[in-house]
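Please read these numbers as outputs of a predicted model, since none were measured by experiment. The sequence lines fix the lettering, A, B, ..., with proteins before strands; numbering per chain opens at 1.
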Number of protein chains: 2
Amino acid sequence: MIRVLLADDEHLIRGALASLLALEDDITVVAEAASGDEALAMARAHRPDVAVLDMRMPGHDGVSVAALLREEVPECASMIVTSHAGAGALKQALAAGVRGFVPKTVSARRLAEIIRTVHTDGRYVDHELAADAIAAGESPLTPREAEMLSLAEDGAPVAEIASRAALSPGTVRNYLSAAAAKLGAENRHVAARIARERGWL
Amino acid sequence: MIRVLLADDEHLIRGALASLLALEDDITVVAEAASGDEALAMARAHRPDVAVLDMRMPGHDGVSVAALLREEVPECASMIVTSHAGAGALKQALAAGVRGFVPKTVSARRLAEIIRTVHTDGRYVDHELAADAIAAGESPLTPREAEMLSLAEDGAPVAEIASRAALSPGTVRNYLSAAAAKLGAENRHVAARIARERGWL
DNA sequence: GAGTCCGCATGACAGATGTCATGCGGACTC
DNA sequence: GAGTCCGCATGACATCTGTCATGCGGACTC
């Protein structure tokens, strides 16, 4: 019997998922959580075999919960179920030791299969998302360029970025300009968006 | 018996929702759709009493489907179920004639009740979202300012915005500057983000 | 060890951006 | 009808932003 923890802040979906998984003979939902923090607490208490985590949750998001679970409850395999499926999110999730990554467009039957795969030490990544991630490729940005882009992400003026990074404004402009050129963007704002989408930040 | 159309591109959620609603004695799901266009086609064919629409879908989004349904299948009441719940979305939905607006954080039981309310000519809007919308208040932007902001949203340079709007670059700068001042933003990029969040675009 | 490449960092310069003062015309008050 | 307010529109000016030429130092090749 596979003991599953279900974490999703959307009550509607969590409940629905629970009742669908209950139909499977070899799967039991032993705990439900509506936030990242709650998911951690539940996992510590119930030590489930598989944690099914939503990406976007209040408190810790799915990826950081997975990272923490890996240390605190190592026998528990983590998988992410998300509607906001970007190549970037996938990359971060895999780095955090997540073993399954599926969009919410899959069917319940399929989800149950994937839970089983993940439980038996397997891995599963949605094919389309994997293709996206491969298409996005490796980041052409240098570490500094990526850092400047992430500081520029919220639209702050260059002067503020410069002071935060303890750099000359000219230097900051230079990095941002280089990054925008590499990404084919008109200015730093669109460059930041593109880099974020592709998981390069 | 209330005949319901269910539209959500996330298979997992749609299926789960359908099985949960099936438990209610007075509700039948007569059709399911995975996209806006499919939802329209299904509604034309089955003429349901209530259409439960996800906000974000491929093809037409929930709001525009609701607007079209109102004309084509006027006896069908539309309601939006969404995870991306912003005050702006709510405002647009109500303008499109939507009768119910709920986040996916509600329970299935509650959703069934709301479907009944909407079916009997009632309205239902989630309290928290309504509070947000009221807190956001009326837009302080003039029509022109809002127009410039929406053109500026994707990070285009001012020159391009000016040519699209058939205005002098100076004029465009002026509107954007005024809008940023009203919104307390440092520049047009953050101004556009703020306005979008509050449903002023 | 010399040569070469690449990332980090800077300042000067041109061009884009935001601010300001100004004018026009419609709506509303009195 | 005069006065006032507000939105629309423009150009001049100061500031900010992006581009370029330049230099430094570590890594890697030969």
Would you mind reading off the distance between [X] atom [atom1] and [N] atom [atom2], rounded to a whole angstrom?
X      : N      : atom1 : atom2 : result
B:M148 : D:dT10 : CE    : P     : 10 Å
B:H189 : C:dT17 : NE2   : P     : 8 Å
B:R144 : D:dG7  : CZ    : P     : 14 Å
B:E145 : C:dT19 : CD    : P     : 13 Å
A:I161 : D:dT17 : CD1   : C1'   : 11 Å
A:N187 : D:dT19 : CG    : C1'   : 14 Å
A:R173 : D:dT17 : CZ    : C1'   : 6 Å
A:Y175 : C:dC6  : OH    : C1'   : 11 Å

At under 4.0 Å between heavy atoms, what does A:L176 touch on the DNA or RNA strands: base, sugar-phosphate, or nothing?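 No contact.
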Looking at every strand, decide which applies to B:P169 at a 4.0 Å heavy-atom threshold: base, sugar-phosphate, or nothing.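 It contacts nothing in the nucleic acid.
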Among the candidates D:dT17, D:dT10, C:dG11, find the nucleotide nearest to the side-chain atoms of B:S168.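 Ranking D:dT17, D:dT10, C:dG11 by closest atom to the B:S168 side chain puts D:dT10 first.
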Would you indicate which nucleotide in C:dC8, C:dT19, C:dT17 comes nearest to any side-chain atom of B:S177?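 From the listed options, C:dT19 comes nearest.
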Using purine N1 to pyrimidine N3 plus N6-O4 or O6-N4 for Watson-Crick, or N1-O2 and O6-N3 for G-U wobble, each under 3.5 Å, what pairs with [N]?
N      : result
D:dT17 : C:dA14
C:dC28 : D:dG3
C:dA9  : D:dT22

Looking at the base of C:dT10, is there any donor atom on it, or on the side chain of A:N174, that sits under 3.5 Å from an acceptor on the other one?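 Yes, a donor-acceptor pair under 3.5 Å.
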With nearest nucleotides of DNA chain D determined for A:R188 and B:K182 from heavy-atom distances, which residue corresponds to the more 5′ nucleotide?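 In this pair, the answer is B:K182.
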Got a sec: does the CZ of A:R109 have more than 12 other heavy atoms crowding it under 6.0 Å?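 At most 12 heavy atoms, drawn from other residues, nucleotides or ligands, come within 6.0 Å of this atom.
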Around B:E128, counting heavy atoms of other residues, nucleotides and ligands shown, do more than 12 lie under 6.0 Å from its CD?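 Open.
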Indicate yes or no for a side-chain donor-acceptor contact from B:E160 to the backbone of B:P157 under 3.5 Å, with no hydrogens or angles considered.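 Checking the backbone N and O of B:P157 against the side chain of B:E160, no donor-acceptor pair under 3.5 Å is found.
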Are B:E24 and B:R116 within salt-bridge range, i.e. N to O under 4.0 Å?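 Answer for the salt bridge query: yes.
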Respond yes when some side-chain nitrogen or oxygen of B:T171 is under 4.0 Å from OP1 or OP2 of D:dT10, and no when none is.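 Checking B:T171 against D:dT10: at least one side-chain N or O falls below 4.0 Å of OP1 or OP2.
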A:D8 and side-chain contact (heavy atoms from CB on, under 4.5 Å): which single residue from A:V52, A:D54, A:V81 fits?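 Exactly one pass, corresponding to A:D54.
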